[in-house]
There are 2 protein chains.
Amino acid sequence: MFDQIIETLHQRGFRMTPQRLLVLQILKDAGRHLAPQEIFAQAQRILPAMTEATVYRTLSFLSEQGLILAAHIGNGQLVYEIAGHDHHHLICRACGATKQIDHQFLESLYQQFRSKTGYQIDSLHVTFFGLCPDCQKN
Amino acid sequence: MFDQIIETLHQRGFRMTPQRLLVLQILKDAGRHLAPQEIFAQAQRILPAMTEATVYRTLSFLSEQGLILAAHIGNGQLVYEIAGHDHHHLICRACGATKQIDHQFLESLYQQFRSKTGYQIDSLHVTFFGLCPDCQKN
DNA sequence: CCTGCTATTGTAAGTAGTTACAATAGCAAA
DNA sequence: TTTGCTATTGTAACTACTTACAATAGCAGG
């Protein structure tokens with residue numbers, strides 16, 4: 001299932017463990033972003049010995065390796081999801097509704113950004129906060 | 001010094017306290033954004049009775065009232081600054097360099113955003129993560 | 001200048017996330 | 001299959017931040 005990922009880790013001198021595999025499995029099954037505590041709760045049901053510390057360490061490790069994505073959502077919370085196609089989050093600060101934006105649309109905005117500021121926007125971690133159409137009415 | 005702010009709070013049914021005044025003063029003197037812990041350290045030197053809980057509560061209160069601004073910077077940390085002219089943060093995820101972007105430039109981007117997604121981007125809280133020109137070379 | 005209402009504070013306990021360190025267990029190589 | 005190196009884990013203590021509750025203290029009105 002995750003043979004390619006295991007191969008990648010070995011090439012980089014890292015190891016695959018039941019804990020890491022479980023976190024990947026949980027994120028994959030969820031099909032959406034999860035908070036560390038949600039992941040910990042699910043993980044412990046399957047692998048009771050697993051601790052919070054390991055969950056947090058595993059999440060930052062997998063994220064550094066580019067195998068999962070970390071995204072900041074409202075109130076500074078960090079959530080994780082399986083790395084897939086590039087997309088981004090648009091979060092309503094009033095009702096919390098989240099919407100995904102596809103990468104292609106943002107490309108043109110990034111280009112304008114770069115020519116103006118010199119900064120290259122990190123296309124994997126962008127999250128926008130704003131008001132969704134419904135909440136703009138209030 | 002903060003007469004206008006005090007007046008505003010009273011009109012809304014809230015009170016001014018030495019603790020709130022001190023947080024405002026510290027942010028104003030700093031002239032840049034500060035983390036809650038930096039504010040707490042400075043505050044306690046002047047008002048030893050002041051506790052962490054009060055600092056955190058004061059920061060979210062002042063922020064809700066629009067008197068200070070909260071901004072997420074790298075690694076999910078929240079920082080605060082005195083509300084002034086609209087501006088935004090652009091943070092390099094490699095070296096941590098921060099740059100301010102003026103509101104006017106972003107206006108045009110927001111407009112494109114809104115017509116595409118229907119979401120109105122929150123112009124006071126936008127923070128971009130990316131790579132600064134220097135770090136792009138590595 | 002008092003008085004009373006209640007917003008705000010400090011206290012203390014709780015939750016989320018991080019870190020040093022010694023024990024454990026992947027995995028590469030024999 | 002066995003062995004040894006060291007990446008990874010669990011433990012336990014620590015930091016940042018939050019919250020319920022009773023005591024305190026702004027401030028509006030008399």
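Residue numbering restarts at 1 for every chain, and letters A, B, ... go by the order of the sequence lines.
- For B/F61 and B/F14, the ring centers are positioned less than 6.0 Å apart.
- Straight-line distance from the CG atom of B/L9 to the P atom of D/dA25: 20 Å, rounded to whole Å.
- Among the heavy atoms of the strands lying under 4.0 Å from A/Y56 is at least one base atom, whether or not backbone atoms are also near.
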**Report entry** Audit row: B/Q11, B/E7, side-chain hydrogen bond (donor to acceptor under 3.5 Å, both in side chains) steps and yes/no
**Finding:** CA-CA 6 Å; B/Q11 283 170 6; B/E7 181 64 20; 3.3 Å; yes
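- Distances from the side chain of B/Q19 to the nucleotides C/dA16, C/dT9, D/dA7 place C/dT9 closest.
- In this structure, A/T54 reaches the D/dG10 phosphate: one of its side-chain N or O atoms is under 4.0 Å from OP1 or OP2.
- Counting to the nearest Å, the P atom of C/dA13 and the CD atom of B/E52 are 16 Å from each other.
- To the nearest angstrom, C1' of C/dT18 lies 13 Å from CG of A/L59.
- Rounding to whole angstrom units, CG of residue B/L22 and P of C/dG10 are separated by 11 Å.
- Among the nucleotides D/dG10, C/dA16, C/dT9, the one closest to the side chain of A/Q37 is C/dA16.
- Side-chain proximity of A/T17 to the nucleotides C/dT8, C/dT11, D/dT9 is greatest for D/dT9.
- You won't find any donor-acceptor pair under 3.5 Å spanning the side chain of A/R57 and the base of C/dG17, going by distance alone.
- At the phosphate of C/dT8, OP1 or OP2 sits under 4.0 Å from a side-chain N or O atom of B/R20.
- Rounded to whole angstrom, the span from the CD atom of A/E64 across to the P atom of D/dT8 amounts to 11 Å.
- At the phosphate of C/dT8, neither OP1 nor OP2 sits under 4.0 Å from any side-chain N or O atom of B/T58.
- A side-chain donor-acceptor contact under 3.5 Å links B/T58 to the backbone of B/T54.
- Residue A/T51 is in base contact, counting any heavy-atom pair closer than 4.0 Å across all strands shown.
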